[in-house]
There are 2 protein chains.
Amino acid sequence: MKLKSATLLDVARQAGVSRATVARVLSAGGYVGDETRLRVEEAVRQTGYRPNAMARSLRTQRTFTIGHTTSEFTQNPFFAHVARSIEREGLANGYKTFLYNQDGSDAHERAGVEQFIERRVDAVIFTYPRDPQSLAMLRAAAMPVVQIERDLTPDTSAVLVDNYTGAAAGMAHLLQLGHRRIAFIGGDPRLNPRSCRRPRSVEEERLDAYRDALSSVGVGIDERLIWLGRYYEPDNGINIAGYRAMRTLLELPERPTAIFTGCDILAAGALQATYEVGLRIPDDISVVGFDDTTARILAPRLTSVAQPMAELGKTALQLALAQIDDPEIAPQTVILSPQLVIRDSTGPVPRLAPTRRG
Amino acid sequence: MKLKSATLLDVARQAGVSRATVARVLSAGGYVGDETRLRVEEAVRQTGYRPNAMARSLRTQRTFTIGHTTSEFTQNPFFAHVARSIEREGLANGYKTFLYNQDGSDAHERAGVEQFIERRVDAVIFTYPRDPQSLAMLRAAAMPVVQIERDLTPDTSAVLVDNYTGAAAGMAHLLQLGHRRIAFIGGDPRLNPRSCRRPRSVEEERLDAYRDALSSVGVGIDERLIWLGRYYEPDNGINIAGYRAMRTLLELPERPTAIFTGCDILAAGALQATYEVGLRIPDDISVVGFDDTTARILAPRLTSVAQPMAELGKTALQLALAQIDDPEIAPQTVILSPQLVIRDSTGPVPRLAPTRRG
DNA sequence: TTGTAGGCGTTATCAG
DNA sequence: CTGATAACGCCTACAA
């Protein structure tokens, strides 16, 4: 800013009143004479006055900003959607969001949190928190915190997802279509932290729902049908994991008739492998995704367990506001449910028992 | 913030020195006695002092923030990647980014810009600018501005893309594979503004490259093979446009052997339509995308003209910094080139002339 | 109804 | 080498 913008004083001089009067006009509170008000409003227009949020924050001890630390939103649209929802709900309440991609690193996350503290954001939202130390820093600063989808500590508000129910709905759908030989491609519970409010981690819930569903119809678990790993391959960009897993499954002597995946990105890889070997979906094999992020743009359109992404963000922001308005309020936990969206990637089990291709 | 955090004064008292001395220690400039410095550092630690960015900004007239207005980044990963690049490059230079999704509305865009002005960001980056009035507001405030990919006014720095060359590379690839009956699915030039630095708009460049490529090998333009529209369907979420266009093309008496699309999202829709009718890619038909965003997760992996997303963001931030450092500097224009990435969706033209299916 | 004055937490300029 | 002290722009009692 070379030419510094007008201040309250400039406006006051222009209108021939004091700064206090201008402030009163702008804050729309307090008594101001009609004629004076008009003069001030005219002066505001003429000077092109814009309040200085910095000065205001310094004075009021409120910045009307929210810090949001997210996992890499370029890797998974899930994070972009949640971030968007937080941004939107924040704006609706007068808040601007600082978005910070923690980049899969504890150190980055901490750096982001330090930024937030120095900039005195009114609250911090995590999708996901990584490092308990980040949370500890915020606790020390007595700042409101909300954790989304994964909770590392019990002392903040959190919005979680009932992944078990979601996965169960997906599995029920496959079972109902007659599938019994169903594979699982998903995140490895051992690579992801446990929840401290729910009995199981996100990954455990999804995997358990898979196991339980099969057991409920008397099908034993075939460990060869279960692939656990990372959602993304860090080195080669997106999508190698699901592809590799699916290739392996398709090589089995008796291949599965359906695949339940723990993420749309993994499902996308599975679709690629299936396409490559020339099998048709859902004619030869059915696939269910999770998250409902890229599901709509894949071929065929993917049946997927939809995360409540908009609600996740919106609720998190509401919980943050509640804490801001009353710092003494007890942390709350909200649990949302995913919902199965049926599209074109699931169909009845093939009538002829599938044989090894080739 | 209930319990207000320690200030310079608190640290000073703790260390038994003045605020000025503490400030000197923290700014790592000026002379401070070794013993004093140690005492101050210890006091900083004990009090858990964090500088207040608001107070600092007020004093220094610099916020070390950048405002970034973007098109809906949940609709197209292109925007998420550019935003991420700006964020990353900003952080590397000590800047935090305010991200603002303008949501396809001029009014929202202006609201975002007003936010940026009130929060006194040091510069504003647009991916894309929509409303000339937004730019005018920033001009009035004498704030540095950078426009990415589309430029509405000539008076700011800009980072543009040579779309013609990119599209030409894609077309050359198809021609070289023997394709002559090539369709075009892309953005309608009439729906998008012109550039004020380049002779043609983004959409015109891509379309002209298509036409020119065909002309260069003596193939006349078949207008039935050209579909122009919006990149996304606003109502039903993503991806209806490319799907519909492709369905129409596949109904033609003599269908195309290859499709050149103006966007990966459109290409994804084309793949869905192709899949649905049971044709194979690239055996029956080849498809080229644009942007290289979702290309890697589609089946088959999409050949696509890659936008230099990371460079776009990085360069924009550098141009912004240049303006911040020297407000008198003349606006610069940088033009980057896309690059064709060949994957599995393009292959030789089928030997037998394709006939109408069914 | 309007004006005065003090302070929010820094930085920067002067003295000492 | 260190300490006062004056802004930065705004809000808000309190006084007039």
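Only heavy atoms go into these numbers, but all of them, side chains included; no hydrogens, no water, no symmetry mates. As the structure is a prediction and not an experimental result, all values here were calculated from the model.
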Report all interatomic pairs (protein N or O, nucleotide N or O of nucleotides 12-16 of chain C) with separations under 3.5 Å.
| from | atom 1 | to | atom 2 | distance (Å) |
| --- | --- | --- | --- | --- |
| C:dA12 | O4' | B:Arg59 | NH2 | 3.4 |

Heavy atoms within less than 4.0 Å of DNA chain C: which residues of residues 33-57 of chain A have one? Give them sorted by number. A:Gly33, A:Thr36
Output all residues satisfying salt bridge (Lys or Arg N to Asp or Glu O under 4.0 Å) with A:Arg194, sequence neighbours left out; order by chain, then residue number. A:Glu204
Without decimals, in angstroms, what is the distance between A:Leu26 CG and D:dT12 P? 13 Å
Distance check: side-chain N/O of B:Gln61 vs OP1/OP2 of D:dA7, anything under 4.0 Å? no
Does a sphere of radius 6.0 Å around CG in B:Asp34 hold more than 12 heavy atoms from other residues, nucleotides or ligands, not counting ones at 6.0 Å or beyond? no
Suppose we screen for side chain to side chain donor-acceptor pair (under 3.5 Å). Which residues come up paired with A:Thr65, at least two apart in sequence or across chains? A:Thr63
Find out whether A:Phe78 and A:Leu312 are in side-chain contact, i.e. whether some heavy atom of one side chain is under 4.5 Å from a heavy atom of the other. yes
Which ring-ring contact (aromatic ring centres under 6.0 Å, His included) pairs, counting each pair once, include a residue from residues 84-107 of chain B, with sequence neighbours left out? A:Phe98-B:Phe98, B:Phe64-B:Tyr95
The complete set of side-chain hydrogen bond (donor to acceptor under 3.5 Å, both in side chains) pairs with one or both residues in residues 18-30 of chain B, sequence neighbours excluded, reads B:Ser18-B:Thr21
Does a side-chain N or O of A:Ser18 approach OP1 or OP2 of C:dT2 to a distance below 4.0 Å, or not? no
Distance in angstrom units between A:Leu9 CG and D:dC8 C1', rounded: 12 Å
Starting at atom CG of B:Leu8, determine the distance to atom P of D:dT2, rounded to an integer number of angstrom. 15 Å
Among all residues two or more places apart in sequence or in another chain, which pass the salt bridge (Lys or Arg N to Asp or Glu O under 4.0 Å) test with A:Arg56? none
Toss me the dot-bracket line for DNA chain D: Watson-Crick and G-U wobble, both under 3.5 Å, 5' to 3', using | for pairs to another strand and [ ] for crossers. ||||||||||||||||
Contacts satisfying ring-ring contact (aromatic ring centres under 6.0 Å, His included) that involve residues 107-129 of chain A (not counting sequence neighbours) are A:Phe79-A:Tyr128
Please identify each residue that fulfils side chain to side chain donor-acceptor pair (under 3.5 Å) with A:Arg39, with sequence neighbours left out. A:Glu35
Between C1' on C:dG9 and CZ on B:Arg13, what's the gap in Å once rounded to a whole number? 13 Å
What residues form a salt bridge (Lys or Arg N to Asp or Glu O under 4.0 Å) with B:Glu72, not counting sequence neighbours? A:Arg84
Rounded to the nearest angstrom, tell me the gap between atom CZ in A:Arg62 and atom P in D:dG9. 24 Å
Would you kindly give the CG-to-C1' distance between A:Leu58 and C:dG6, to the nearest whole Å? 13 Å
Taken in chain and number order and not counting sequence neighbours, the residues that satisfy salt bridge (Lys or Arg N to Asp or Glu O under 4.0 Å) with B:Arg150 are B:Glu203
